[in-house]
Participant: 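Structure incoming, see below.
Model, not experiment: these values are computed from the prediction. Letters A, B, ... are given to chains in the order of the sequence lines, protein chains preceding strands, and every chain is numbered from 1.
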Amino acid sequence: MPELPEVEVVRAGLASSVAGRTIGAVHVLHPRPVRYHLSGPDAFASDLVGRRVGVARRRGKYLWLVLAGPAGDRSALLLHLGMSGQLLVQPADAPDERHLHARFDFADDGPQLRFVDQRIFGGLWVSPQGAETPAELAHIAPDLFDPTLDNDQLVARIRARHSGIKRVLLDQGIVSGIGNIYADEALFQAGIHPQRPGDALTLADCSRLHSAIRQTLATAIREGGSTLGRSGIANYRRPNGVTGHYQQRHQVYGRTGKPCLVCGGPIHRVQVAQRSTHFCPHCQPDSRVIPSD
DNA sequence: CATTTATCCTGTAAGC
DNA sequence: TGCTTACAGGATAAAT
């Protein structure tokens with residue numbers, strides 16, 4: 001479930017656990033997660049050994065570790081968790097996790113950084129000039145916490161789309177960081193039907209949606225993100241192994257058929273962009289424009 | 001051109 | 001108990 005809140009919590013966890021440490025060895029146990037590092041797994045490892053980890057940054061669902069090193073080198077270790085990726089900081093003597101695909105040992109022989117990913121949709125690669133903003137992220141829009149976000153432009157782009165608003169929110173080229181869970185939660189909070197066309201949103205709708213997204217994401221970050229299910233394998237955890245708690249605050253996601261916490265009516269589920277979409281038909285009417293206040 | 005779908009993977013849970 | 005099918009946090013190339 002790594003969406004913006006989970007990635008931000010992971011970023012903060014890495015900032016406090018691996019920043020300032022020097023990479024001693026890199027073990028790639030499965031080639032797929034480093035598929036975007038075009039020179040191959042061995043080159044991926046050798047590009048990182050001896051580098052000191054600096055600041056941990058994030059944009060949308062991507063995060064990167066700036067690498068201090070030879071003067072003038074501005075490279076970064078770029079990471080994406082995909083659907084089921086986890087970054088765990090573990091003692092060197094901890095047994096290998098199931099689906100452990102890459103391990104970073106540090107020169108101080110302290111806890112290791114491990115990349116674990118059941119579905120292997122995630123990826124790790126070195127971005128040569130990626131210290132500020134990796135070139136690989138050129139097509140990814142700023143997220144709602146990015147100071148460079150142009151809100152007027154965002155509203156214009158939303159209202160230029162005829163697709164349903166949920167599909168628009170999931171498009172990382174429009175605004176980044178929002179995934180399936182937080183799209184549903186934010187649209188519920190804003191009182192907007194997920195299939196309302198973007199070009200049918202009023203300015204007041206956009207303003208309410210903007211506030212709802214920011215509040216939803218900010219609260220989720222404070223709660224450590226959302227950890228779903230009980231199976232453990234593919235579940236999101238912070239690098240220190242602690243689970244998130246925001247799933248307890250979900251209003252619509254995963255609540256199909258249960259009573260809406262506002263009006264009591266049943267939560268519906270439909271498919272939007274091949275993703276399960278949860279909403280309250282009463283609180284999120286299809287066509288009617290809801291007054292701002 | 002904008003928009004939608006099919007696909008990459010493994011695992012779990014539900015239905016028969 | 002076993003087998004089959006649907007579904008799961010995302011991103012993107014290919015098709016429409």
Side-chain angles (χ1 to χ4, degrees), chain A residues 1-10 29-36 58-63 78-87 97-102 115-125 134 136-141 143 156-186 194-200 216-217 220-221 223-238 243-247 249-250 252-257 269-278:
Chain A
M1 55 217 86
E3 303 181 29
L4 185 151
E6 290 77 26
V7 177
E8 172 57 23
V9 172
V10 169
L29 308 175
H30 194 304
R32 185 165 170 78
V34 296
R35 62 196 178 281
Y36 302 123
R58 181 190 60 75
R59 179 174 195 161
K61 301 170 192 172
Y62 287 83
L63 68 88
L78 184 59
L79 307 116
H80 194 290
L81 299 176
M83 203 80 112
S84 53
Q86 299 177 319
L87 288 166
E97 292 78 6
R98 195 175 181 188
H99 306 300
L100 172 66
H101 300 317
F115 180 74
V116 178
D117 189 0
Q118 178 204 112
R119 296 175 73 179
I120 331 181
F121 291 170
L124 324 167
W125 61 108
E136 292 84 351
L137 274 58
H139 65 297
I140 299 294
D143 63 58
R157 296 183 76 181
I158 287 173
R159 300 180 78 201
R161 290 290 196 103
H162 189 63
S163 300
I165 182 61
K166 172 161 177 180
R167 193 187 284 269
V168 176
L169 293 179
L170 292 178
D171 184 340
Q172 306 298 299
I174 299 286
V175 61
S176 65
I178 302 169
N180 204 41
I181 294 176
Y182 297 105
D184 284 4
E185 293 298 314
Q195 291 169 311
R196 274 258 303 284
D199 59 10
T216 299
L217 297 178
I221 291 169
E223 296 285 332
S226 300
T227 300
L228 302 181
R230 280 159 295 170
S231 59
I233 282 287
N235 280 352
Y236 155 79
R237 287 172 184 274
R238 297 159 68 165
T243 61
H245 298 289
Y246 191 74
Q247 66 277 8
R249 312 268 287 251
H250 291 175
V252 288
Y253 183 86
R255 299 194 64 249
T256 310
R269 187 176 94 155
V270 295
Q271 290 291 115
V272 172
Q274 300 171 251
R275 317 297 297 277
S276 286
T277 296
H278 314 73

Participant: Check this one for me: any side-chain N or O of A:His80 less than 4.0 Å away from OP1 or OP2 of C:dA11?
Facilitator: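 Yes, within the criterion.
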
Participant: Heavy-atom nearest nucleotide on DNA chain B for A:Arg161 versus A:Phe121: which residue maps closer to 5'?
Facilitator: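 By nearest-heavy-atom nucleotide position, the 5'-most residue is A:Arg161.
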
Participant: Can you measure A:Leu63 atom CG to C:dG10 atom C1' for me and round it to whole angstrom units?
Facilitator: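 After rounding, the reported distance stands at 15 Å.
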
Participant: Would you say A:His139 places a side-chain N or O within less than 4.0 Å of OP1 or OP2 belonging to C:dA11?
Facilitator: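 Negative; the distance criterion is not met.
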
Participant: What distance, rounded to whole Å, do you find between the two P atoms, one in B:dT3 and one in C:dG9?
Facilitator: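 Between the two P atoms, the distance is 23 Å.
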
Participant: Less than 4.0 angstrom between a side-chain N/O of A:Arg167 and OP1 or OP2 of B:dT4, yes or no?
Facilitator: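 Yes, because at least one side-chain N or O of A:Arg167 sits under 4.0 Å from OP1 or OP2 of B:dT4.
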
Participant: If the threshold is 4.0 Å, N to carboxylate O, is there a salt bridge linking A:Arg32 and A:Asp117?
Facilitator: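 Judged by the 4.0 Å cut-off on N to carboxylate O distance, A:Arg32 and A:Asp117 do not form a salt bridge.
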
Participant: Under 6.0 Å from the CZ atom of A:Arg35, do we count more than 12 heavy atoms belonging to anything else shown?
Facilitator: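 Yes, because the 6.0 Å sphere around CZ of A:Arg35 holds more than 12 heavy atoms from other groups.
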
Participant: Would you say C:dG9 has OP1 or OP2 under 4.0 Å from some side-chain N or O of A:Lys61?
Facilitator: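 Answer no for this pair, as no side-chain N or O of A:Lys61 is under 4.0 Å from OP1 or OP2.
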
Participant: In whole angstrom, give the distance that lies between atom CG of A:Leu78 and atom C1' of C:dA11.
Facilitator: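 From A:Leu78 CG to C:dA11 C1': 13 Å.
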
Participant: Rounded to the nearest 0.5 Å, how far apart are CG of A:Leu81 and CD of A:Glu6?
Facilitator: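 Those atoms lie 9.5 Å apart.
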
Participant: Rounded to whole Å, how long is the line connecting atom CD of A:Gln118 with atom P of B:dC8?
Facilitator: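 My rounded result for the distance is 17 Å.
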
Participant: Quickly work out the A:Gln271 CD to B:dT4 P distance and round it to whole Å.
Facilitator: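 A:Gln271 atom CD is separated from B:dT4 atom P by 14 Å.
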
Participant: Which part of the nucleic acid, if any, lies within reach of A:Arg269 when heavy atoms closer than 4.0 Å are counted: base, sugar-phosphate only, or nothing?
Facilitator: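 Touches sugar-phosphate only.
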
Participant: When we call it a touch if two heavy atoms are under 4.0 Å apart, what does A:Tyr62 touch: a base, just sugar-phosphate, or nothing?
Facilitator: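 Sugar-phosphate, no base atom in range.
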
Participant: Measure CG/A:Leu169 against P/C:dG9 and give the value in whole Å, please.
Facilitator: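 Those two atoms, CG and P, are 15 Å apart.
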
Participant: Taking the side chain as everything from C-beta on, heavy atoms only, tell me whether A:Leu228 gets closer than 4.5 Å to A:His250.
Facilitator: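 Touching, per the 4.5 Å side-chain cut-off.
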
Participant: Considering only the P atoms, how many Å lie between B:dC1 and C:dA11, rounded to the nearest integer?
Facilitator: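 So the two P atoms sit 25 Å from each other.
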
Participant: Tell me the interatomic distance from A:Arg32, atom CZ, to C:dG10, atom P, rounded to whole angstroms.
Facilitator: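 It works out to 17 Å between those atoms.
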
Participant: Does B:dT4 have its OP1 or OP2 closer than 4.0 Å to a side-chain nitrogen or oxygen of A:Ser163?
Facilitator: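 Yes.
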
Participant: Which is true for A:Gln274 with a 4.0 Å heavy-atom rule: it touches a base, it touches only sugar-phosphate, or it touches nothing?
Facilitator: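 Base contact.
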
Participant: Look at A:Arg98 and B:dT10 and indicate whether a side-chain polar atom (N or O) is within less than 4.0 Å of OP1 or OP2.
Facilitator: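 No, outside the criterion.
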
Participant: So, A:Arg119 versus A:Ser84: side-chain donor-acceptor pair below 3.5 Å or not?
Facilitator: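 Their side chains do not contain a donor-acceptor pair, so the 3.5 Å distance test is not met.
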
Participant: Measuring only the C1' atom in each nucleotide, how far is B:dG11 from C:dT12? A whole number of Å is fine.
Facilitator: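 Approximately 23 Å lies between the C1' atom of B:dG11 and that of C:dT12.
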
Participant: Should the pair A:Tyr182 and A:Tyr246 be assigned to parallel (<30°), tilted (30 to 60°) or perpendicular (>60°) ring geometry?
Facilitator: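 Tilted: the ring planes of A:Tyr182 and A:Tyr246 meet at 30° to 60°.
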
Participant: Let me know the distance between CG of A:Asn235 and C1' of C:dC7, rounded to the nearest Å.
Facilitator: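 After rounding, the reported distance stands at 15 Å.
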
Participant: Please determine whether a side-chain nitrogen or oxygen atom of A:Arg119 lies at a distance below 4.0 Å from atom OP1 or OP2 of B:dG11.
Facilitator: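 False: A:Arg119 side-chain N/O out of range (4.0 Å or more) of B:dG11 OP1/OP2.
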
Participant: Using Watson-Crick or G-U wobble geometry with both distances under 3.5 Å, which nucleotide pairs with C:dT12?
Facilitator: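 In the structure as shown, C:dT12 has B:dA6 as its Watson-Crick or wobble partner.
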
Participant: Taking donor-acceptor contacts at under 3.5 Å, does the side chain of A:Arg275 reach the base of C:dA8?
Facilitator: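 There is none.
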
Participant: Atom CZ of A:Arg237 and atom P of C:dG9: how far apart are they, to the nearest Å?
Facilitator: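 It is 19 Å, rounded to the nearest whole Å.
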
Participant: Would you please confirm or rule out a distance under 4.0 Å between OP1 or OP2 of C:dC7 and any side-chain N or O of A:Ser276?
Facilitator: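 For A:Ser276, the contact criterion (side-chain N or O under 4.0 Å from OP1 or OP2 of C:dC7) is not met.
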
Participant: Which part of the nucleic acid, if any, lies within contact of A:His30, taking any heavy atom under 4.0 Å across all strands shown: a base, the sugar-phosphate backbone alone, or nothing?
Facilitator: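 No contact.
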
